[in-house]
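Scroll down for the structure; my scribbles are underneath it.
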Amino acid sequence: MKEKVVLAYSGGLDTTAIIPWLKENFDYEVICCCVDCGQEEELDGLEERAKLSGASKLYIEDIVDDFCDNYVVPCVQAHAVYENKYLLGTSMARPAIAKRLVEIARKEGATAICHGATGKGNDQIRFELGIKALAPDIKIIAPWRMTDVWTMNSREEEIEYCKAHGIDLPFDASHSYSRDRNLWHISHEGLELEDPANEPNYDHLLVLGVTPEKAPDEGEYVTMTFEKGVPKSINGEEMKVSDIIRKLNELGGKHGVGICDIVENRVVGMKSRGVYETPGGTILYEAHQQLEELVLDRATYEVKEEMGNKLSQIVYEGKWFTPLREAVQAFIESTQEYVTGEVKFKLYKGNIIKAGTTSPYSLYSESLASFTTGDLYDHHDADGFINLFGLPLKVRAMKMAEVEGK
């Protein structure tokens, strides 16, 4: 009886070519698994394509709600942003995909899992760390790193390989943007983006929305509610998190929100340039942070900011299934106990303009913040505070004057 391998399958040229390659070089029974995180791609015909390519079975696994509830929400609550710009769209999805691949491998009794990530990128790390953490006994096959066996170096060679194995599918050999899409975002790499000196060709590139210049001349008000840091409704309509992201994607895309051009530092040590579209995610991050401004005290806010940066690094590096991620997330969740309230903002030509925030747990006191003297604050109290707060500065200045005067 042949050993089984589960292949992370997209239906694209790379993973289609991998099917006969696995059979030819390892004599595996190939089971394809397409994990749907909200790619919005056409899934019809995938089963026929996988079977035509030599797979014995295809799983199409919808994990959109799992992805949104258990991977996206913790990152929103943490305000996890990699290198101040990247909202972790691909990074958050990879552990969710790895987990489902392991579950299918266990179900099928497979001895190996194969992925089509290249040897230069971050995804190979994210997939493999997830698999190692959840199933250390399962073998991992990464064709692009097996250069002694995987000898194809271009789309043309992959197409010829497929044809030689009886797979004649309408793949295009022309090069286009390299894209990764899920419900949270879409990333674009390649073509003119490979040179940081080039301006992106947004008219050709954008998928989820328009540039701010092409957005409507009229702004649009949006109201959102959160409960314990979890988004609950848009404009009075309660929805599950995945539907909230879909609606915010629509609104943000319409108004040119969430387009980001980044040169980032990959885990493997090289820099890469890409354009990310995250319209709904950008709005969600901003709305959540506006509410936290009202609710969190200064000391907690400071430490939470550090933990958010730490979580972004953990997620970017593929270390989701680690004690550290669990510990950081536990801290973040404890800060969300009172992040409940309503946020109103206006979307206008790429901007998210604050229009009012309320919370039953707001720490903002109008009487304290105003210039009138309230019962809780006596202006004279500031004298002693400033004297103590500035004492180290004063002592140092006196000592320096004493030394310099000798």
Side-chain angles (χ1 to χ4, degrees), residues 65 67-81 87-88 92 183-184 219-252 254-255 257-258 278-309 311-312 328-348 350-370 372 374-377:
D65 287 327
F67 170 54
C68 292
D69 297 340
N70 298 313
Y71 298 85
V72 170
V73 167
C75 290
V76 172
Q77 291 178 329
H79 200 79
V81 183
L87 301 189
L88 301 171
M92 292 186 295
L183 188 64
W184 184 250
E220 183 171 358
Y221 285 96
V222 180
T223 302
M224 288 189 66
T225 63
F226 290 82
E227 188 175 313
K228 294 189 175 183
V230 180
K232 291 295 181 181
S233 72
I234 299 178
N235 296 333
E237 184 180 351
E238 288 202 13
M239 308 179 197
K240 60 183 180 178
V241 175
S242 58
D243 286 338
I244 285 175
I245 294 170
R246 286 186 182 96
K247 182 63 178 176
L248 291 178
N249 276 337
E250 176 190 326
L251 292 168
K254 173 183 173 184
H255 290 280
V257 171
T278 321
T282 301
I283 296 170
L284 196 50
Y285 266 59
E286 176 64 23
H288 179 265
Q289 194 168 44
Q290 286 182 19
L291 187 56
E292 281 194 334
E293 289 175 2
L294 275 187
V295 172
L296 295 186
D297 63 277
R298 177 182 173 184
T300 301
Y301 197 95
E302 286 178 354
V303 177
K304 181 180 175 291
E305 191 172 32
E306 294 175 11
M307 290 296 100
N309 288 334
L311 185 65
S312 73
V328 171
Q329 187 174 331
F331 170 81
I332 297 297
E333 287 178 353
S334 73
T335 69
Q336 300 301 294
E337 180 68 23
Y338 301 109
V339 184
T340 295
E342 183 177 279
V343 181
K344 186 178 181 182
F345 48 88
K346 180 168 69 173
L347 303 177
Y348 178 69
N351 295 290
I352 305 165
I353 303 167
K354 190 183 294 188
T357 314
T358 60
S359 170
Y361 305 107
S362 172
L363 299 181
Y364 182 90
S365 169
E366 188 173 349
S367 63
L368 273 175
S370 68
T372 58
D375 295 335
L376 291 176
Y377 192 84

Under 3.5 Å, is there a donor-acceptor pair linking the side chains of Glu333 and Gln329?
yes

Is the shortest side-chain heavy-atom distance between Met239 and Glu237 below 4.5 Å?
yes

Candidate pair Val81 and Ser312, rule side chain to side chain contact (heavy atoms under 4.5 Å, CB included), full reasoning
CA-CA 6 Å; Val81 183; Ser312 73; 5.6 Å; no

Is any side-chain heavy atom of Gln290 closer than 4.5 Å to a side-chain heavy atom of Met224?
no

Does any N or O in the side chain of Thr335 come within less than 3.5 Å of the main-chain N or O of Ile332, such that one atom is a donor and the other an acceptor?
yes

Output yes when a side-chain donor or acceptor of Asp297 lies under 3.5 Å from a complementary backbone atom of Ala299, and no otherwise.
yes

For atom CD of Glu305, decide whether the heavy atoms of other residues, nucleotides or ligands shown that lie under 6.0 angstrom number more than 12.
no

One thing to verify: whether Glu302 and Arg298 come together as a salt bridge, which I'm taking to mean a side-chain N less than 4.0 angstrom from a carboxylate O.
yes

Is there a side chain to side chain contact (heavy atoms under 4.5 Å, CB included) between Phe226 and Gln336? Walk through the geometry before answering.
CA-CA 10 Å; Phe226 290 82; Gln336 300 301 294; over 6 Å; no

Is the backbone N or O of Lys228 less than 3.5 Å from a side-chain atom of Thr340, with the two atoms forming a donor-acceptor pair by type?
yes

Taking salt bridge (charged side-chain N to carboxylate O under 4.0 Å, His left out) as the test, write out the residues that go with Lys304, two or more places apart.
Glu292

Among Leu88, Leu284, Asn249, exactly one meets side chain to side chain contact (heavy atoms under 4.5 Å, CB included) together with Trp184. Which residue is that?
Leu284

Short question: side chain of Asp243, backbone of Lys240 - any donor-acceptor pair under 3.5 Å?
no

Quick one: are Ile352 and Leu347 in side-chain contact, heavy atoms under 4.5 Å?
yes

Short side-chain to backbone donor-acceptor contact, Asp69 and Val241, under 3.5 Å
no

Less than 4.5 Å apart, side chain to side chain, heavy atoms only: is that true for Leu291 and Glu342?
no

Scanning both residues in full, the closest heavy-atom pair of Val295 with Leu363 reads O-CD1, 3.1 Å

More than 12 heavy atoms of other residues, nucleotides or ligands under 6.0 Å from OH of Tyr338: is that the case?
no

Crowded around Tyr221 OH? As in, over 12 foreign heavy atoms under 6.0 Å?
no

May I ask you to check whether Tyr285 and His79 place their ring centers less than 6.0 Å from one another?
yes

Determine, step by step, whether Glu220 and Lys346 satisfy the salt bridge (charged side-chain N to carboxylate O under 4.0 Å, His left out) criterion, reporting the C-alpha distance in whole Å, the side-chain angles of both residues, the deciding distance to 0.1 Å, and the verdict.
CA-CA 5 Å; Glu220 183 171 358; Lys346 180 168 69 173; over 6 Å; no

Can you check whether Val343's main-chain N or O pairs, donor with acceptor, with Thr357's side chain at less than 3.5 Å?
no

With side chain to side chain contact (heavy atoms under 4.5 Å, CB included) as the criterion, how do Ile234 and Thr223 come out once you've worked through the C-alpha distance, each side chain's angles and the decisive distance to 0.1 Å?
CA-CA 6 Å; Ile234 299 178; Thr223 302; over 6 Å; no

